[in-house]
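Below you'll find the structure, written out as structure tokens, and then a few comments.
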Amino acid sequence: MPFVRIEYMKEAHDSKNLNKISKTIQQTLINEFDVPNKDYFQVFQSHEAHEFFYDDSYFLNSKRSNKLLYIYVTLAPGRSKAKKLRFYKELSIALSTHCGIQMEDIFILLVETERENWSFGNGLAQALEGGIPIEK
């Protein structure tokens, strides 16, 4: 049950590429984290250049560009470090291959929150009340 928020610099990505980015992230979540196909909740947020800050080489031997994506994935805990490392790698490769984004421009943050903190509507905590399948 991940929720994905992608932030980017306005005009760095067009709507066609944002659609590809969205589908690529979703497919990687399905492949690497066993997320169900219909568990698809994402939001994109663009920022003006004067609202979007980053160091172009922090932790890198090369440079980030204005196509930088901040990808926040909020999800339930329980995945191993190995699974997370594979997710980072596979998502970076997929976004580079399918969306033309250099790997230096893919900044991923996994945020784990307990299932009790999720409501998918109707004032219920469906994951706690047995109303939805839990991802593996």
Side-chain angles (χ1 to χ4, degrees):
M1 60 188 162
F3 175 77
V4 181
R5 188 175 79 231
I6 303 100
E7 300 196 36
Y8 63 99
M9 193 178 308
K10 192 173 189 174
E11 299 180 16
H13 301 279
D14 61 26
S15 60
K16 183 179 177 184
N17 205 38
L18 292 178
N19 187 46
K20 276 197 223 174
I21 291 167
S22 174
K23 290 179 179 178
T24 300
I25 293 170
Q26 182 65 15
Q27 191 58 54
T28 306
L29 286 166
I30 291 166
N31 294 348
E32 301 304 324
F33 284 167
D34 302 315
V35 170
N37 290 335
K38 289 189 159 200
D39 194 348
Y40 185 41
F41 299 93
Q42 299 182 2
V43 63
F44 283 79
Q45 176 74 47
S46 67
H47 299 274
E48 298 290 339
H50 68 273
E51 301 172 323
F52 197 83
F53 302 95
Y54 59 93
D55 185 280
D56 67 355
S57 61
Y58 186 67
F59 271 112
L60 300 176
N61 291 326
S62 54
K63 301 273 187 184
R64 293 179 178 92
S65 76
N66 69 343
K67 292 188 178 281
L68 175 64
L69 296 174
Y70 289 128
I71 303 170
Y72 304 86
V73 182
T74 303
L75 67 168
R79 290 167 183 87
S80 68
K81 287 181 184 179
K83 232 179 192 328
K84 292 174 185 178
L85 289 171
R86 182 163 172 83
F87 174 76
Y88 298 141
K89 185 67 154 180
E90 293 303 318
L91 180 56
S92 295
I93 290 168
L95 287 170
S96 179
T97 302
H98 302 298
C99 305
I101 299 168
Q102 68 180 21
M103 291 177 70
E104 296 86 351
D105 287 334
I106 302 166
F107 186 109
I108 305 165
L109 179 64
L110 298 180
V111 181
E112 295 180 327
T113 183
E114 297 295 330
R115 288 175 171 83
E116 67 193 39
N117 297 320
W118 294 80
S119 173
F120 291 91
N122 293 330
L124 302 172
Q126 289 89 346
L128 293 178
E129 299 173 23
I132 60 171
I134 304 296
E135 75 234 64
K136 298 173 184 131

Using side-chain heavy atoms (C-beta onward) and a distance below 4.5 Å, is [X] in contact with [Y]?
X	Y	result
Leu110	Phe33	yes
Leu91	Leu29	no
Tyr8	Ile21	no
Glu32	Arg86	yes
Ile6	Gln42	yes
His13	Leu69	yes
Ile25	Ile71	yes
Gln102	Ser65	yes

(request) Could you pull out all residues at least two apart from Glu114 that satisfy salt bridge (Lys or Arg N to Asp or Glu O under 4.0 Å)? (result) none

(message) Closer than 3.5 angstrom, by distance alone: can the side chain of Ser80 be matched with the main-chain N or O of Lys83 as a donor-acceptor pair?
(response) yes

(request) Check whether any side-chain N or O of Glu51 sits under 3.5 Å from a backbone N or O of Glu48 as a donor-acceptor pair, and report yes or no. (result) yes

Are [X] and [Y] grouped together when hydrophobic residues (ILVMFWY) are joined by side-chain heavy atoms under 4.5 angstrom apart?
X	Y	answer
Val4	Ile101	yes
Met1	Leu109	no
Tyr88	Phe59	no
Leu85	Leu95	yes

Please find the pair of heavy atoms, one from [X] and one from [Y], that lie closest to each other, and give the distance.
X	Y	answer
Asn17	Cys99	OD1-O, 3.3 Å
Phe87	Ile108	CE2-CG2, 4.2 Å
Glu104	Ser62	OE2-OG, 2.7 Å
Leu68	Ile106	CD1-N, 4.4 Å
Ala94	Thr28	CB-OG1, 4.0 Å

(request) Go through the steps to decide whether Met9 and Tyr54 satisfy the test side chain to side chain contact (heavy atoms under 4.5 Å, CB included), and finish with yes or no. (result) CA-CA 11 Å; Met9 193 178 308; Tyr54 59 93; 4.1 Å; yes

(request) Give the intermediate values and the outcome of salt bridge (charged side-chain N to carboxylate O under 4.0 Å, His left out) for residues Asp34 and Arg79. (result) CA-CA 10 Å; Asp34 302 315; Arg79 290 167 183 87; over 6 Å; no

(message) Starting from Ile93 and following side-chain heavy-atom contacts under 4.5 Å between hydrophobic residues (I, L, V, M, F, W, Y), which residues can be reached?
(response) Met103

(request) Walk me through it: do Phe107 and Tyr70 pass the test ring pair (Phe, Tyr, Trp, His ring centres under 6.0 Å)? (result) CA-CA 5 Å; Phe107 186 109; Tyr70 289 128; 5.1 Å; yes

(message) Can you pull out every salt bridge (charged side-chain N to carboxylate O under 4.0 Å, His left out) where at least one residue sits in residues 16-27? Sequence neighbours excluded, please.
(response) none

(message) Taking salt bridge (charged side-chain N to carboxylate O under 4.0 Å, His left out) as the cut-off, I'd like each qualifying pair that reaches into residues 54-76, sequence neighbours left out, listed once.
(response) Asp56-Lys63

(message) Tell me every residue that passes ring-ring contact (aromatic ring centres under 6.0 Å, His included) with Tyr72, counting only those two or more places apart in sequence or in another chain.
(response) none

(request) Kindly write out the residues that satisfy ring-ring contact (aromatic ring centres under 6.0 Å, His included) with Tyr40, not counting sequence neighbours, or none if the list is empty. (result) none

(message) Tell me whether Asn122 at atom CG has more than 12 heavy atoms from other residues, nucleotides or ligands lying less than 6.0 Å away.
(response) no

(message) Pair Val111, Leu75 - check side chain to side chain contact (heavy atoms under 4.5 Å, CB included), show working.
(response) CA-CA 6 Å; Val111 181; Leu75 67 168; 5.8 Å; no

(message) So, taking the atom named NZ in Lys10 and the one named CG in Asn66, what distance separates them when rounded to the nearest 0.5 Å?
(response) 14.5 Å

